[in-house]
Trainee: 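First the structure, which I've put down as structure tokens, then a few questions once you've had a look.
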Amino acid sequence: MKKVKIEPKELNGEISIPSSKSISHRAVIAASLSSGVSEISNIVMSKDIKATCEAMKQLGAEISEVKAENERVKLIIKGIEVFKAPQAPIDCNESGSTLRFMIPIAMMSNSEISFIGKGKLVERPLDVYYKIFDEQGIHYETKDNKLPLKINGSLTPGTFDMRGDVSSQFITGLMFVLPLLASDSKISITGELESKGYIDLTISVLSKYGIVIENDDYKAFYIKGRQVYKACDYRVEGDFSQAAFWLVAGCLGEKITSRDLNESSLQADKEVIDIIKSMGGKISCEDNSFIAHKCQTKQTVMDASQIPDIIPVLSVLASVSEGTTIVKNGARLRIKESDRLTATKTELNKLGADIKEEGDTLIIKGVSKLRGANVDSWNDHRIAMAMAVASIRCEGSVIIEGASSVDKSYPNFWQDFKMLGGDICEQS
């Protein structure tokens, strides 16, 4: 699907939220590292999750799919008994999680391994791992710090010093592997750890599979060696980063109920609920469903440092809210699938929003309405979906180039958009 044309229309109804991509990655990996057979249910086989499954298969896991309802699958995973040397480069596609999680895991194969990818993933920073490789004398090859990357060597246990502002994906990658090493390790954090929510998710999922990680107030993590992953059955909860689109759509249009969300979730993007409420949004919760009601919202201040995936759609809401909203600490948004600060500003301004970019901050002055226009997804699923939600408040058609980018995380987004009443047609 190259592009879609959307006629402005308020959406309403109920939607079953896709499973959490962050948790799905972690559960697939933990099950693959376990002795025995695990079943993981409520999985959406997006491109990112497929990349992680294929990577684990290359290392020796056996993974099969059983179709379930609502386009979900159940994965039957027989864990790795002996790590295999990958027979081809591990293709992470455009998934940063797959790449950063798999690098230390693949090194367990004690063989030369290569990683490749597509899009902006090719240049996503990996300096944190390079520093560890240099310290431990691990051989690696890369040109201009870009993929492809070749590694030959294995991690040794010890103390791993990390800055608090690094991506949590590096810390999670180590947390998967350090319990398997011959002796104990420590991850020491310098400064304030930014992505606490994602680390909480990792520790929670690992605990389900029998792995214990001691958290010393996010300043250090103590990990005993020679631990054993134990197979278990796991159901993945709904994804708040995907629910964010429908929660904002409900505020802009009519009532939308987002089902299958865990009220006690550890997901960082659950903050979308508090942010919308701080803007005067009307959201209620009943039996693990969140209901968003049409309302007029007002300005707020958002700290983007821990929630880069939901800033584009929250910026849509801010663009038609009263007053001026500030989105601060957005540096991490620049190294996602697109430069999300610039992409969000550029595309929403095409629709008549009033957004300025100052350093790593967005300044969003609310307007009463938006207009139709041609916009681009920047090959970023979050930008494509945000522009679709913005169409609700547009006067005139919105044409989105690069509509298939949603396949990265939410393959059925356009079908769900239609189901909620969206007037959408595919363009050639």
Side-chain angles (χ1 to χ4, degrees), residues 4 6-24 41-44 46 68-73 235-298 300 307 309-321 381-382 384-394 406 409-424:
V4 294
I6 306 176
E7 299 299 336
K9 197 172 179 183
E10 293 185 341
L11 307 183
N12 71 88
E14 294 190 359
I15 187 81
S16 179
I17 299 300
S19 54
S20 165
K21 188 158 68 80
S22 295
I23 296 176
S24 296
S41 57
N42 196 38
I43 290 278
V44 172
S46 64
E69 57 184 2
N70 297 326
E71 301 299 322
R72 314 293 164 86
V73 303
R235 185 183 188 278
V236 181
E237 67 190 44
D239 194 330
F240 276 93
S241 63
Q242 310 294 26
F245 296 99
W246 307 123
L247 294 168
V248 170
C251 293
L252 296 179
E254 297 184 33
K255 184 175 79 169
I256 295 179
T257 299
S258 297
R259 293 187 279 109
D260 202 12
L261 292 169
N262 178 5
E263 296 175 42
S264 304
S265 178
L266 297 174
Q267 294 177 54
D269 287 336
K270 187 186 173 197
E271 190 178 341
V272 66
I273 304 295
D274 293 335
I275 291 173
I276 292 176
K277 286 182 176 180
S278 77
M279 299 173 77
K282 296 179 181 177
I283 295 182
S284 55
C285 179
E286 298 174 7
D287 298 326
N288 286 323
S289 293
F290 286 83
I291 304 112
H293 307 262
K294 185 174 184 178
C295 55
Q296 177 59 53
T297 46
K298 62 184 181 181
T300 192
I307 50 170
D309 288 343
I310 59 176
I311 290 300
V313 74
L314 285 171
S315 296
V316 171
L317 185 61
S319 70
V320 290
S321 295
H381 51 139
R382 308 287 178 193
M385 293 187 281
M387 294 306 113
V389 172
S391 73
I392 297 170
R393 284 289 182 92
C394 288
V406 303
S409 66
Y410 196 162
N412 292 318
F413 176 80
W414 299 117
Q415 293 94 310
D416 287 350
F417 192 89
K418 285 182 182 178
M419 185 189 67
L420 291 170
D423 185 347
I424 178 174

Trainee: What's the separation between atom OG in Ser22 and atom CG in Asp239, rounded to the nearest 0.5 Å?
Mentor: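 These two atoms lie 6.5 Å from each other.
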Trainee: So, does Thr297 use its side chain to make a donor-acceptor pair with the main chain of Ser321 at under 3.5 Å?
Mentor: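 Not a single qualifying donor-acceptor pair exists.
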Trainee: Just so I know, are the side chains of Lys255 and Asn12 near enough to count as touching, which here means a heavy-atom distance under 4.5 Å?
Mentor: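 Not in contact.
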Trainee: Are Val313 and Arg382 close enough, and set up right, to give a side-chain contact (heavy atoms from CB on, under 4.5 Å), and what steps lead you there?
Mentor: CA-CA 8 Å; Val313 74; Arg382 308 287 178 193; over 6 Å; no
Trainee: Quick check: does any side chain N or O of Ser241 sit under 3.5 Å from a backbone N or O of Asp269, one acting as donor and the other as acceptor?
Mentor: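 Side chain of Ser241 to backbone of Asp269: no pair is present.
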Trainee: Per the ring-ring contact (aromatic ring centres under 6.0 Å, His included) rule, what does the pair list look like for residues 259-294, sequence neighbours excluded?
Mentor: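 Matches after skipping sequence neighbours: Phe240-Phe290.
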Trainee: Please name the pair of heavy atoms, one in Leu317 and one in Cys251, separated by the smallest distance, quoted to 0.1 Å.
Mentor: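 For Leu317 versus Cys251, the nearest heavy atoms are CD1-CB, 4.2 Å.
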Trainee: State the CD1-CD distance between Ile392 and Glu254, to the nearest 0.5 angstrom.
Mentor: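 Answer rounded to 0.5 Å: 10.0 Å.
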Trainee: Kindly say whether Gln296 contributes a backbone atom to a donor-acceptor pair with the side chain of Lys282 at under 3.5 angstrom?
Mentor: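 No, the answer is negative, given that no donor and acceptor are paired below the 3.5 Å cut-off.
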Trainee: Hey, are the side chains of Val44 and Ser24 touching, using non-hydrogen atoms and a 4.5 Å cut-off?
Mentor: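 Heavy-atom side-chain distance check fails, nothing below 4.5 Å.
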Trainee: Of all the heavy-atom pairs spanning Glu237 and Asn262, show the shortest one and how long it is.
Mentor: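 That closest heavy-atom pairing would be OE1-ND2, 3.1 Å.
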Trainee: To the nearest 0.5 Å, what is the distance between OG (Ser315) and CD1 (Ile310)?
Mentor: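 Going from OG on Ser315 over to CD1 on Ile310, the span is 10.0 Å.
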Trainee: Give a yes or no on whether the backbone of Gly238 and the side-chain of Gln267 come within a donor-acceptor separation of less than 3.5 Å.
Mentor: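 Present.
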Trainee: To the nearest 0.5 Å, how far apart are OG1 in Thr300 and CG in Leu314?
Mentor: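 So the gap between those two atoms works out to 9.5 Å.
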Trainee: Minimum heavy-atom separation for Val236 and Asn42, please, with both atom names.
Mentor: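 Reported closest heavy-atom pair: O-ND2, 2.7 Å.
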Trainee: Give me the atom names and distance for the closest heavy-atom approach of Ser19 to Arg72.
Mentor: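 Nearest heavy atoms, Ser19 then Arg72: N-NH1, 4.2 Å.
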Trainee: Answer whether the closest heavy-atom distance between the side chains of Arg393 and Ser319 falls below 4.5 Å.
Mentor: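 No; the side chains remain at least 4.5 Å from each other.
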Trainee: Side-chain contact test, heavy atoms from C-beta onward, threshold under 4.5 Å: evaluate it for Leu247 versus Ser258 and give yes or no.
Mentor: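 Side chain of Leu247 against side chain of Ser258, heavy atoms only: contact under 4.5 Å found.
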Trainee: For Ser391 and Ile6, work out which heavy atoms get closest and say how close.
Mentor: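 What the structure gives for the nearest pair is OG-CG2, 3.3 Å.
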Trainee: Quick one: OG on Ser20 to NZ on Lys270, what's the gap to the nearest 0.5 Å?
Mentor: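 That separation rounds to 13.5 Å.
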Trainee: Hey, are the side chains of Leu252 and Val389 touching, using non-hydrogen atoms and a 4.5 Å cut-off?
Mentor: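 Counting from C-beta outward, Leu252 and Val389 do come under 4.5 Å.
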Trainee: Would you say Glu286 and Ile291 make side-chain contact, with heavy atoms under 4.5 Å?
Mentor: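 With C-beta onward as the side chain, the pair touches.
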Trainee: If I compare all heavy atoms of Ala388 with all of Trp414, which pair ends up nearest, and what's the gap?
Mentor: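 Reported closest heavy-atom pair: CB-CZ3, 3.7 Å.
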Trainee: Does any non-hydrogen side-chain atom of Phe417 lie less than 4.5 Å from one of Ile15?
Mentor: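 The answer is no, as the side chains (C-beta and beyond) never meet within the 4.5 Å cut-off.
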Trainee: So, taking the atom named CD in Glu271 and the one named OG in Ser278, what distance separates them when rounded to the nearest 0.5 Å?
Mentor: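 So the CD of Glu271 and the OG of Ser278 are separated by 9.0 Å.
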Trainee: Consider only side-chain N and O atoms of Asp416 and Tyr410, and report whether a donor and an acceptor are under 3.5 Å apart.
Mentor: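 Side-chain D/A pair, Asp416 to Tyr410: present.
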Trainee: With no hydrogens and no angle check, do the side chains of Gln242 and Ser409 hold a donor and an acceptor under 3.5 Å apart?
Mentor: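 Side chains of Gln242 and Ser409: pair found under 3.5 Å.
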Trainee: Should the pair Phe413 and Trp246 be assigned to parallel (<30°), tilted (30 to 60°) or perpendicular (>60°) ring geometry?
Mentor: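 Geometry flag for Trp246 against Phe413: parallel rings.
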Trainee: I'd like to know if Asp260 pairs up with Arg235 as an ion pair, taking the criterion as any Lys NZ or Arg NE/NH1/NH2 lying under 4.0 Å from an Asp or Glu carboxylate oxygen.
Mentor: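 The answer is yes: the pair qualifies as a salt bridge.
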